[in-house]
Number of protein chains: 2
Amino acid sequence: MNKESAFHLPSQKAPTLLDSRSANERDILTLIRQRSSLPKAEIAQLTGLSAQSATVIIKKLEADGLVRRLKPIKGGVGQPKVPFGLNESGAFGIGLKVGRRSFDMTLLDLKGNVRATLHEKFAYPTVSNLLTFAKRAFNVLIKNLDADQQRLIRGLGVAMPFEIWSWAEEAGAPKNELEEWREFNPQAALEDLLSLPVFIKNDAGAACSAEMSFGNPQNYSSFLYIFVGTFLGGGLVLNNQLVNGKTGNAGAIGSLPFYNGSTQSQLITQSSLYLLERKLNDAGHNGQHIYESPSHWSCDTRSIEDWLSETARGLAFATQCAMSLLDLDGVIIDGAIPDDVKNALVAHTQSAMETLDMRGLAQVHISEGLVGRKAQSIGSANLALQANYY
Amino acid sequence: MNKESAFHLPSQKAPTLLDSRSANERDILTLIRQRSSLPKAEIAQLTGLSAQSATVIIKKLEADGLVRRLKPIKGGVGQPKVPFGLNESGAFGIGLKVGRRSFDMTLLDLKGNVRATLHEKFAYPTVSNLLTFAKRAFNVLIKNLDADQQRLIRGLGVAMPFEIWSWAEEAGAPKNELEEWREFNPQAALEDLLSLPVFIKNDAGAACSAEMSFGNPQNYSSFLYIFVGTFLGGGLVLNNQLVNGKTGNAGAIGSLPFYNGSTQSQLITQSSLYLLERKLNDAGHNGQHIYESPSHWSCDTRSIEDWLSETARGLAFATQCAMSLLDLDGVIIDGAIPDDVKNALVAHTQSAMETLDMRGLAQVHISEGLVGRKAQSIGSANLALQANYY
DNA sequence: TGTTAAATCAATCAGGTTGATTTAATTTGT
DNA sequence: ACAAATTAAATCAACCTGATTGATTTAACA
């Protein structure tokens, strides 16, 4: 968004189906998504708009196929409420996750349902493989939609690790094979390839957007999102808005300074999954297991337990940093880890917090992310929806 | 601000002189303040508004006495530009700084000039002394304005340390004498006493608002503000807006976790002025000197040098935390310290940064605050102006 | 006298508002 | 048990604010 967006312009043209929404339309869509469904009267109340305006806006959203009239709620005195909910087939987003060990492409509907996914694994990513995969996967995915629905695809979101060419060795890639990514402009290349608007975010930021839109059960309006993947990452939401930062890197808690004993390093070397992989390999187990087994890790519990407490120490540190600087509602921890491990990680982090000096800080709420392992893929697809509707 | 303010309402009534401004009026006032003066054509350009709208809004601001037509700029081809600047006597704010060793009351005009100040020192603050001072000082200050101008006072801003009853010993106050502040509601008490709208902020947040409005020469739109006072504090600005946080405590870097060697503590015990006071006392000098001598510290340079490098280590740490979490434009360091010390502190912090592992982070810009020692007082007075006009 | 850029005029429009009215249910009274 | 009263949601109609665009005026330099 450029400078102009800070100002309060009426929309430039009569908004058609393809136009981006006015601020109030977006606010209302966001509210409906958060509460699943809302009658006009409550919308007016919650937004502070007049009942009349709520009527007019909902009428337009309904005509545009974005919301749908639901069954009236009788039982109370007065005319029954007619709730409106999102029309799941009202718009679609496609997401492309560029990972260090796999590509993912996901078709997401307006309600956040995954309509289809494709996945491709490899030892390390190359640019040409990405473009081939993108083209092929796109053509497969859109088969899930009829011609009308295909026209409702709002764009392609891309989730990509920050500086994918860095940390090559830690990620298990040959040292110089990733250099080509430095020169690659994914936005231009993919817009050209697929003729769709393309939105780029770093992987953790995309995951954060998914949690904000489809998770966040406590409804924090400001929170730090922590994603424990091969490398630690995160995102930041303030007042229900994803914070971008100067270079699009806000929330990157991996770069926080962290002192382990006396050695000065970064938090990424304290709380990342590659450390567990190493630990398992060193103990004579198969470290790859943690990437391949999404829902349960049946491996050396001793290594996992060690890793959990080290990781938790790091996350507790990050939590205190964030609370101190930002005075947040809470912190959400998620990752590419099984549910029981995630649960244990939150518990370990909470107890690690108790050893910290938290004077002057508000009570900290730490909770589990709902979206989980697929957060990056779903988040990438959500970028296009977010850009248009929320 | 409550929930409603997030929505996009037209102003509720025909705005009179007393009403708060519409978003575009505020934006334009902010622009004019930042650039000192602007002709209508440039305002239209910078805001993205049409020339016509710029004309209409400026006409209203001029009628309300907030801006003033300046001398036309000839010399270029075409009709000469007529720049508009803030009318310094168009509005006033009063600020009350509640400190641990003194009270300050300041009368500030729309341009940020201090029209008058009163100061009162003590060993430790009491509630009744505050109220007495507030009443008396207010009556003295308004003598500087004629009757018409007195009606342009837009409110009282109060800058107060967070939990003033804490840290009593470190601040040199008797242990239990500050307990009464826990029960004290400054907003209600002062609104009642002076019949003015009252705005409360913690001291560092108020200082930050002063730097944002009247300093910030690099025009960072997002920055961390660090204020080195008796106790370390700070404030945060994102997209030209002071960030508040859930409990109004965002930017409180004093509570960042800091490990000095192996002992875990908070940054406030690494980078605060009371540490220099102690250091001086321990070395047989007069520690109070640093609070009493605003423009030059003529005392043990060895102690100062030691304190500078320790403090800088802490500030470098805070800088990395902030950059990592928020990906800022820069960091501004200020404090209740002489200019040469401030300068040295920035230099020490910059060189301390070089010892840190900054991989993955954008280039960091660290600069000196312009407003300085009076930032808290000026900032407090600015709160009322900010609330109405920016 | 022509050219240029700033500023204003005039007409219009988008997106809100309020107050009166309609609608469809429950509750009450006889 | 049924009609009337009550209640709350939703809509209608008129209007207002704050923006827009396109044509015109103004005041300087060339």
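Letters A, B, ... are given to chains in the order of the sequence lines, protein chains preceding strands, and every chain is numbered from 1. Values below: all heavy atoms of this structure, side chains included; hydrogens, waters and symmetry mates excluded.
- For A:Ser50, the listed nucleotide lying nearest its side chain is C:dT18; candidates were D:dA8, C:dT18, C:dT8.
- B:Ile57 places its CD1 atom 15 Å from the P atom of D:dT17, with the value rounded to the nearest Å.
- A cation-pi contact links A:Arg33 to A:Tyr390, judged by a cut-off of 6.0 Å to the six-membered ring centre and 45° from its axis.
- Of the two residues contacting DNA chain D, namely B:Gly76 and A:Arg69, the nearest-nucleotide position lying further toward the 5' end is that of A:Arg69.
- Computed from coordinates, the B:Ile73 CD1 to C:dA6 P distance equals 11 Å when rounded to whole Å.
- The distance from atom CD of B:Glu25 to atom P of D:dT17 is 13 Å, rounded to the nearest whole Å.
- The separation between A:Leu49 atom CG and D:dA10 atom P is 15 Å, rounded to whole Å.
- You'll find that the side chain of A:Val82 is closest to D:dA10, out of D:dA10, C:dT8, C:dG16.
- Inter-residue side-chain proximity for A:Pro217 and A:Glu211 is flagged as met; some heavy-atom pair is nearer than 4.5 Å.
- Proximity of A:Thr55 to the phosphate of D:dT11: a side-chain N or O atom is located under 4.0 Å from OP1 or OP2.
- Rounded to an integer number of Å, the gap from CD1 of B:Ile28 to C1' of D:dG18 is 12 Å.
- With contacts defined as side-chain heavy-atom distances shorter than 4.5 Å, the pair A:Gln150/A:Phe92 does not qualify.
- Among the nucleotides D:dT20, C:dT18, D:dA10, the one closest to any side-chain atom of A:Lys40 is D:dA10.
- The side chain of A:Ser53 places an N or O atom within less than 4.0 Å of a non-bridging phosphate oxygen (OP1 or OP2) of C:dT17.
- The distance between atom CD1 of A:Ile58 and atom P of C:dG15, rounded to the nearest whole Å, is 15 Å.
- Which of C:dT8, D:dT20, C:dT3 sits closest to the side chain of B:Val77 comes down to C:dT3.
- In the interface, the side chain of A:Gln79 is paired with the base of D:dA9 through a donor and an acceptor atom under 3.5 Å apart.
- Closest to the A:Lys74 side chain, of the nucleotides C:dA6, D:dT20, C:dA25, is C:dA25.
- If you take CD of A:Gln45 and C1' of D:dA9, they are 12 Å apart, rounded to a whole angstrom.
- In this structure, the nucleotide among C:dG16, D:dA27, D:dC12 sitting nearest to the side chain of B:Pro80 is D:dA27.
- One interatomic measurement links the two molecules: NZ of B:Lys59 to P of D:dG18, which rounds to 15 Å at whole-angstrom precision.
- The side chain of A:Gln52 lies closest to D:dC12, out of D:dC12, C:dA25, D:dT20.
- Here B:Leu61 contributes atom CG and B:Ile32 contributes atom CD1; the two are 6.5 Å apart, rounded to the nearest 0.5 Å.
- Using a 4.0 Å cut-off, no side-chain N or O of B:Asn24 falls inside it from OP1 or OP2 of D:dG18.
- Side-chain contact between B:Thr30 and B:Ile28 is absent, with no heavy-atom pair separated by less than 4.5 Å.
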